[in-house]
Each structure stands twice: as C-alpha cells, then as structure tokens.
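Excluded from the calculations below are hydrogen atoms, water molecules and symmetry mates; all remaining heavy atoms, backbone and side chain alike, are included. Since we're looking at a predicted model, the values are computed, not measured.
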Amino acid sequence: MDTFAEDSSYVVRYGVTRILGEFTARGFAPIPRGTAVIVRSDRGHEWGTVLSTATEQTRTYLGSSDAHGRIIRLASPEDEAERDQKIQAEKDAFAGCLELINERNMQMQLVDAELVIGGERLIFYYVSEQRVDFRDLVKGLAKRFHVRIEMRQIGIRDEAKLLADYGDCGQPVCCNTFLREMPPVSMKMAKLQKATLDPSKISGRCGRLKCCLRYEYDTYEEHRKELPPVGATVITKQGTGRVIGVELLAQKLVIQYEGQRQIISDAKDVLTVVSTKSQKKPVAPVEKTATDTTGNDDAPSSRPRRENKPRQDNRPNPRPRRNAGEGESENRRDEPASEPSPDADLG
C-alpha cells in the first residue's frame with residue numbers, strides 16, 4: 001500500500017519588506033531553520049528563508065495573514081546565480097525609474113525597487129507627502145522594462161525598514177529583523193521610563209521615537225500602579241512622610257520626613273498610604289468689598305439685584321437746569337415728556 005507524505009507547514013520570510021507567511025511543503029524532509037527556499041506566493045516565485053515550523057503559536061502571532069503559499073524547492077546554486085542577476089537588475093530598474101520621475105518633475109521620493117524571481121513583477125516603493133498620479137509613469141516603466149509594474153507608497157518607518165542597517169545600540173534595527181507591526185510610540189513612554197527627552201537621543205533611524213521605548217512600557221506601567229505616586233503621604237517605620245521620588249524598576253521610594261530628612265525606602269516598608277494627593281498651598285480668602293448694614297456679611301452675588309428704576313431727585317434745592325444752547329439737543333432724557341393737550345387730535 002502506498003503511503004503519502006504528509007504536508008508540513010513552515011514560517012517563511014521573503015521579499016525586501018521581510019513579509020512573514022505560512023507555506024506548505026510536500027515530500028520534503030524536515031527543513032531546518034535558516035534554509036533558503038524558493039516559494040510560490042501571490043506575487044510569483046520568490047526567494048525565502050525558513051524560520052520555524054508552523055504551529056498554533058506561530059499562527060496566533062501571524063494573525064489573519066494573507067501570506068500563504070507553497071514551498072517549491074530548496075535553493076540551488078543556479079537559483080543563487082539568478083538572485084545575483086536579480087539584484088543587478090533591481091539597481092538598473094531603480095536608476096531608470098528615478099530618471100523618469102525627474103523628467104516628469106513628480107513630487108515623490110523613490111526608495112527601493114524589487115524584482116520578483118522569474119521576472120513576473122517589478123515593484124517600486126516610494127514616499128510622498130501627497131497623493132501622486134503615476135499613471136503616466138507606469139506606462140513609461142512598462143514600455144521600458146516590458147514587465148508588470150506595481151507602485152507602492154510607504155511611510156517613514158517603512159523606509160527605515162527597507163534601508164536602515166544598525167541602530168544606536170549596535171544591533172540591527174528591530175524593524176528590519178523581527179518586528180511585523182510597528183506600534184505607535186509616545187513621549188509619555190519616554191517620560192515614564194525616565195529616558196532623556198532630547199529628541200536626537202531617543203529617535204531612531206526613521207526620525208521617529210524608537211520602537212524599543214515600548215518594549216518595557218507595560219512593565220513600568222504595572223509597577224507604577226503598585227507604588228504610591230509622587231506627592232502621596234505615607235506611613236512607614238520611620239514615621240509619616242511624603243513621597244518625592246519613585247524608582248519603578250527597583251521598587252524604591254524617596255520619602256521626605258519632618259525636618260527635611262530624605263530616606264530611600266523599599267515599597268514593602270510602606271505601612272499605610274494616607275493620601276495619594278499632593279499637598280497644595282492654601283488659597284488666600286478673597287476680601288469682601290461690601291458689608292450689609294444689618295451685620296450680615298453676605299457676598300454681593302447673594303444679594304437680590306436692585307430694580308432698574310429711575311432715580312428721583314430728592315435734593316432740597318435742586319440746581320436749576322440751564323437752557324439748551326446751540327448744538328445741544330432739546331429732548332433730554334431727564335426732562336419729563338410734555339402731556340398732550342386735551343384738544344389734541346389723538347386719532
């Protein structure tokens with residue numbers, strides 16, 4: 001009875017953008033890690049590298065990835081020679097595309113060119129701050145290289161993923177080695193880890209905040225929730241004091257006691273947290289500007305508003321009003337309106 005070889009699945013990395021996908025292999029002995037293989041993806045025949053055997057854990061890591069295909073064969077010396085020719089062809093394609101972009105004066109920055117093994121597709125990666133109409137450019141590229149052209153717009157971090165080599169730590173950049181997704185990094189993460197806030201020292205090759213600032217952020221956040229914050233009032237064996245500093249990873253607190261004593265204590269030495277709010281200076285009371293004659297010092301806002309009635313002139317000897325001179329209006333607001341005559345026509 002004939003026995004059929006079971007299909008084996010492997011995690012393979014391929015392409016210049018280091019795409020990860022699960023590929024099946026039939027009739028192969030177990031393929032070790034790091035083996036160069038030729039795979040068939042949705043883009044065509046490509047050069048890939050086996051990373052590991054596909055398991056449920058790797059499927060969870062990859063998520064809903066559309067990168068699936070089949071391992072065709074192990075890479076041979078002929079495939080390596082073809083790969084070297086492909087690299088030279090990519091350089092020529094990059095120079096030709098850059099020439100056409102300059103001729104058309106297009107507002108775009110060409111980053112890299114990728115030629116799929118077998119010549120099925122030529123992919124150009126570019127960066128642009130605005131939308132670019134490259135239909136005429138694609139026609140010119142297809143006429144020059146006689147192959148299917150694909151243009152892909154990428155971001156600043158993706159540009160570093162394609163071109164960057166080593167980071168400030170001396171290791172290959174994370175985005176070009178193992179990172180599949182580049183999560184957002186904020187300045188809050190740098191402040192919590194007490195990293196320097198100098199942008200030139202915490203920025204990566206892409207000019208953005210380093211991705212490694214997020215690696216330990218969850219641990220710092222957990223320790224921050226367990227320790228009393230700066231400004232909290234605590235009780236220890238030394239007495240009652242106020243927290244003026246926190247060392248999250250070391251689980252240490254800098255506590256200031258009476259007499260301006262500052263002692264570094266472990267978090268477990270804190271017996272009770274009296275208050276988690278910092279002590280604020282008391283606000284000076286606002287001076288009252290009016291006092292009721294009856295002795296009730298009510299605020300002006302609490303008093304009833306006076307009705308808007310015209311003020312009556314109760315002076316014993318009111319000043320006689322002068323006649324309206326030249327240029328003055330005779331209809332004054334304070335003069336009583338003349339009563340109509342009984343003989344006037346009111347109809």
Side-chain angles (χ1 to χ4, degrees), residues 13 16-18 20 61 63 109 111-112 125-130 153-234 236 238 240-270 273-281:
R13 181 172 57 202
V16 296
T17 57
R18 308 178 70 83
L20 295 179
Y61 174 74
Q109 177 185 353
V111 177
D112 201 356
Y125 300 92
Y126 70 94
V127 175
S128 178
E129 297 181 356
Q130 55 189 358
Q153 184 175 0
I154 60 176
I156 299 298
R157 291 184 180 271
D158 296 320
E159 180 186 6
K161 184 177 182 179
L162 289 173
L163 304 180
D165 42 14
Y166 292 91
D168 297 337
C169 58
Q171 299 293 327
V173 291
C174 302
C175 57
N176 199 14
T177 51
F178 64 89
L179 281 183
R180 289 188 62 248
E181 298 178 357
M182 288 170 281
V185 183
S186 62
M187 188 64 72
K188 176 184 176 182
M189 301 177 183
K191 292 181 180 179
L192 184 61
Q193 300 176 43
K194 292 186 177 181
T196 175
L197 301 183
D198 186 359
S200 62
K201 295 183 179 179
I202 58 177
S203 299
R205 296 294 299 272
C206 57
R208 306 292 179 86
L209 294 178
K210 294 181 179 178
C211 297
C212 55
L213 289 174
R214 191 173 181 85
Y215 296 163
E216 299 179 356
Y217 174 71
D218 295 336
T219 303
Y220 276 89
E221 189 67 19
E222 292 177 2
H223 290 341
R224 185 189 65 83
K225 295 179 180 179
E226 295 174 357
L227 298 178
V230 175
T233 303
V234 296
T236 64
Q238 306 291 335
T240 303
R242 186 168 60 91
V243 179
I244 62 174
V246 178
E247 295 293 338
L248 295 179
L249 294 183
Q251 295 285 291
K252 300 285 186 180
L253 299 173
V254 182
I255 304 176
Q256 184 177 14
Y257 296 94
E258 297 180 357
Q260 304 298 322
R261 293 185 305 147
Q262 296 182 5
I263 299 178
I264 300 178
S265 305
D266 292 329
K268 60 183 179 181
D269 295 338
V270 177
V273 179
V274 179
S275 174
T276 58
K277 297 182 179 180
S278 59
Q279 298 178 356
K280 297 182 179 180
K281 296 182 180 180

Minimum heavy-atom distance between Ser203 and Asp168, given as atom pair plus value: O-OD2, 4.0 Å

Heavy-atom check, side chain of Tyr61 versus side chain of Leu20, under 4.5 Å: yes

Atom pair OG/CD of Ser265 and Gln238 - distance to nearest 0.5 Å: 6.5 Å

pair Asp266-Lys252: side-chain heavy atoms closer than 4.5 Å: yes

Heavy-atom closest contact (Ala190 atom, Leu213 atom, distance): CB-CD1, 4.3 Å

Test item: Val246 and Leu253 side chains (from C-beta on) under 4.5 Å apart, heavy atoms: yes

Residue pair Cys206 / Ala160: nearest heavy atoms and the distance that separates them: CB-CB, 3.7 Å

Contact check, side chains of Lys188 and Tyr217, non-hydrogen atoms, under 4.5 Å: yes

Heavy atoms of other groups near Lys201 NZ, more than 12 under 6.0 Å: no

Sole residue of Ile244, Ile263, Val243 in side-chain contact (heavy atoms from CB on, under 4.5 Å) with Val254: Ile244

Reported CD-to-CD1 distance for the pair Glu247 and Ile264, which is rounded to 0.5 angstrom: 7.5 Å

Gln251 side chain near Lys268 side chain, heavy-atom distance below 4.5 Å: no

Thr219 side, atom OG1; Glu222 side, atom CD - distance, nearest 0.5 Å: 6.0 Å

Closest heavy-atom pair and its distance - Arg208, Ile156: NH2-CG1, 3.7 Å

Any Gln153 side-chain heavy atom under 4.5 Å of Tyr126 side chain: yes

Smallest separation among heavy atoms of Met187 and Leu197, with atom names: SD-CD2, 3.8 Å

Spacing of OG1 belonging to Thr17 relative to CG belonging to Asp158, to within rounding of 0.5 Å: 8.5 Å

Backbone N/O of Pro184 and side chain of Arg214: donor-acceptor pair under 3.5 Å: yes

Heavy-atom side-chain contact between Ile154 and Leu162 under 4.5 Å: yes

Tyr166, OH: over 12 other non-hydrogen atoms inside 6.0 angstrom: no

Between CD1 on residue Ile202 and CD on residue Gln193, distance to nearest 0.5 Å: 10.0 Å

Validation row: Lys210, Val185 side chains within 4.5 angstrom (heavy atoms): no

Point-to-point distance, once rounded to the nearest 0.5 Å, from NE2 of His223 to CG of Leu192: 10.5 Å

Atom CD of Glu258: over 12 foreign heavy atoms under 6.0 Å: no

Any donor-acceptor N/O pair, Arg13 side chain to Thr177 backbone, under 3.5 Å: yes

Exercise: identify the closest heavy-atom pair between Ala164 and Arg205: CB-CB, 4.0 Å

